[in-house]
Amino acid sequence: MSYRKPKVLVTRKLPDIIETRMMELFDCALNLDDRAMSKDELIAAAAETDVLVPTVTDRIDRDVIAAAGERLKLIASFGTGVDHIDFPSAKKRGIMVTNTPDVLTEDTADMTMALLLAVPRRLVEGERLVRSGAWTGWSPTGMLGHRIWGKRLGIIGMGRIGTAVARRARGFGVSIHYHNRNRVAPETEEALEATYWSSLDQMIAHMDIISVNCPHTPATFHLLNGRRLALMKPHAYVVNTSRGEVIDEDALVKALTQGRIGGVGLDVFENEPKINPKLLKAENAVLLPHMGSATIEGRVAMGEKVIINIKTFVDGHNPPDRVIETMF
Ligand code: 8YV
């Protein structure tokens with residue numbers, strides 16, 4: 001039987017080594033210019049492909065899935081979060097969805113830790129001061145921030161990334177607290193000396209730093225809303241490397257600009273790449289361009305996962321990173 005290579009559409013430029021391998025294995029349409037595709041382009045492309053490889057910048061909504069016709073069988077997303085894909089619509093049409101978990105856990109936890117240090121210690125403000133030429137030298141009261149040693153970190157979402165953040169933060173003398181849909185295994189709690197809070201409100205009210213590490217799902221949309229932000233201690237910080245939508249960004253900006261919280265470290269935003277202008281002006285906000293998993297090693301490993309997911313699927317097996325309903 002002759003083997004027809006599956007037609008695979010990759011929506012963004014991937015690392016060269018991944019694109020080369022994909023070209024060998026599949027009938028691949030690449031995006032060498034790395035220009036984000038419009039909805040119309042996605043709709044047109046989805047109708048003519050067996051496998052779609054989107055990223056967080058592509059909205060694979062109901063319209064795109066409806067336009068896909070009979071041909072599209074797999075959406076092999078490049079990334080762990082799948083909130084850009086209308087999963088129920090895909091499921092209804094029998095389209096499988098896969099993602100790339102695990103391989104970006106440590107990198108994202110590193111970036112969370114970087115923000116967790118940068119905000120209380122005013123790292124970026126200090127850097128701006130030096131570069132501006134306005135630094136007049138050391139002073140006993142210059143650039144005072146807050147110590148993180150001995151403080152309480154509240155992790156919202158104790159999955160892979162949340163756990164990896166907890167492991168790191170312990171090394172900095174921070175006590176670990178968490179809220180999660182399900183309590184983690186007693187061995188994990190014990191190893192991390194982690195305290196479980198069944199009430200998110202209660203946890204928020206007692207923490208010095210809040211780290212958002214849960215996925216964005218219908219259940220976590222605006223989980224950190226105005227009411228919950230008002231529960232925070234006035235000196236406490238918020239760090240988010242998950243998805244902007246988990247926080248009500250308008251409410252966060254209000255809390256920050258009215259001095260009701262100490263500062264924020266954000267790698268993700270509600271309307272990426274648009275940033276609330278008030279955030280841009282806030283000295284106590286460290287803002288990053290969604291780069292939590294942006295390491296060469298991580299992005300290659302994510303690409304390898306995409307290839308394995310596609311290959312196992314077209315060979316008639318169950319892909320290792322199949323997204324299932326219970327994840328939402
Ligand atoms: C990825 C991410 O870079 O994997 C995720 O969920 O947020 C990022 O680290 C991005 O999603 C790639 O599509």
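Each ligand, and each atom within it, is numbered from 1 in the order the structure gives.
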Between R12 and the options D58, D33, D34, the side chain to side chain donor-acceptor pair (under 3.5 Å) test singles out D34

Per-pair distances, ligand 1 N/O vs protein N/O, less than 3.5 Å:
{"residue": "ligand 1", "atom": "3 (O)", "partner": "S293", "partner atom": "OG", "Å": "3.0"}
{"residue": "ligand 1", "atom": "3 (O)", "partner": "R299", "partner atom": "NH2", "Å": "3.0"}
{"residue": "ligand 1", "atom": "4 (O)", "partner": "T80", "partner atom": "N", "Å": "2.6"}
{"residue": "ligand 1", "atom": "6 (O)", "partner": "T80", "partner atom": "N", "Å": "3.4"}
{"residue": "ligand 1", "atom": "6 (O)", "partner": "G81", "partner atom": "N", "Å": "2.7"}
{"residue": "ligand 1", "atom": "6 (O)", "partner": "R243", "partner atom": "NH2", "Å": "2.9"}
{"residue": "ligand 1", "atom": "7 (O)", "partner": "R243", "partner atom": "NH1", "Å": "2.6"}
{"residue": "ligand 1", "atom": "7 (O)", "partner": "R243", "partner atom": "NH2", "Å": "3.3"}
{"residue": "ligand 1", "atom": "7 (O)", "partner": "H290", "partner atom": "NE2", "Å": "2.9"}
{"residue": "ligand 1", "atom": "9 (O)", "partner": "S293", "partner atom": "OG", "Å": "2.7"}
{"residue": "ligand 1", "atom": "13 (O)", "partner": "V56", "partner atom": "N", "Å": "3.0"}
{"residue": "ligand 1", "atom": "13 (O)", "partner": "F78", "partner atom": "O", "Å": "2.5"}

Sequence neighbours excluded, the answer for ring-ring contact (aromatic ring centres under 6.0 Å, His included) partners of H235 is none

Residues L52 and P54: closest non-hydrogen pair is O-CD, 3.2 Å

Sequence neighbours excluded, the answer for side chain to side chain donor-acceptor pair (under 3.5 Å) partners of E297 is none

Query raised in the report: Should K13 and E19 count as an ion pair when the cut-off is N to O under 4.0 Å?
Result: yes

Sorted by chain and number, sequence neighbours left out, side-chain contact (heavy atoms from CB on, under 4.5 Å) with N99 holds for T80, V82, P101, D321, V323

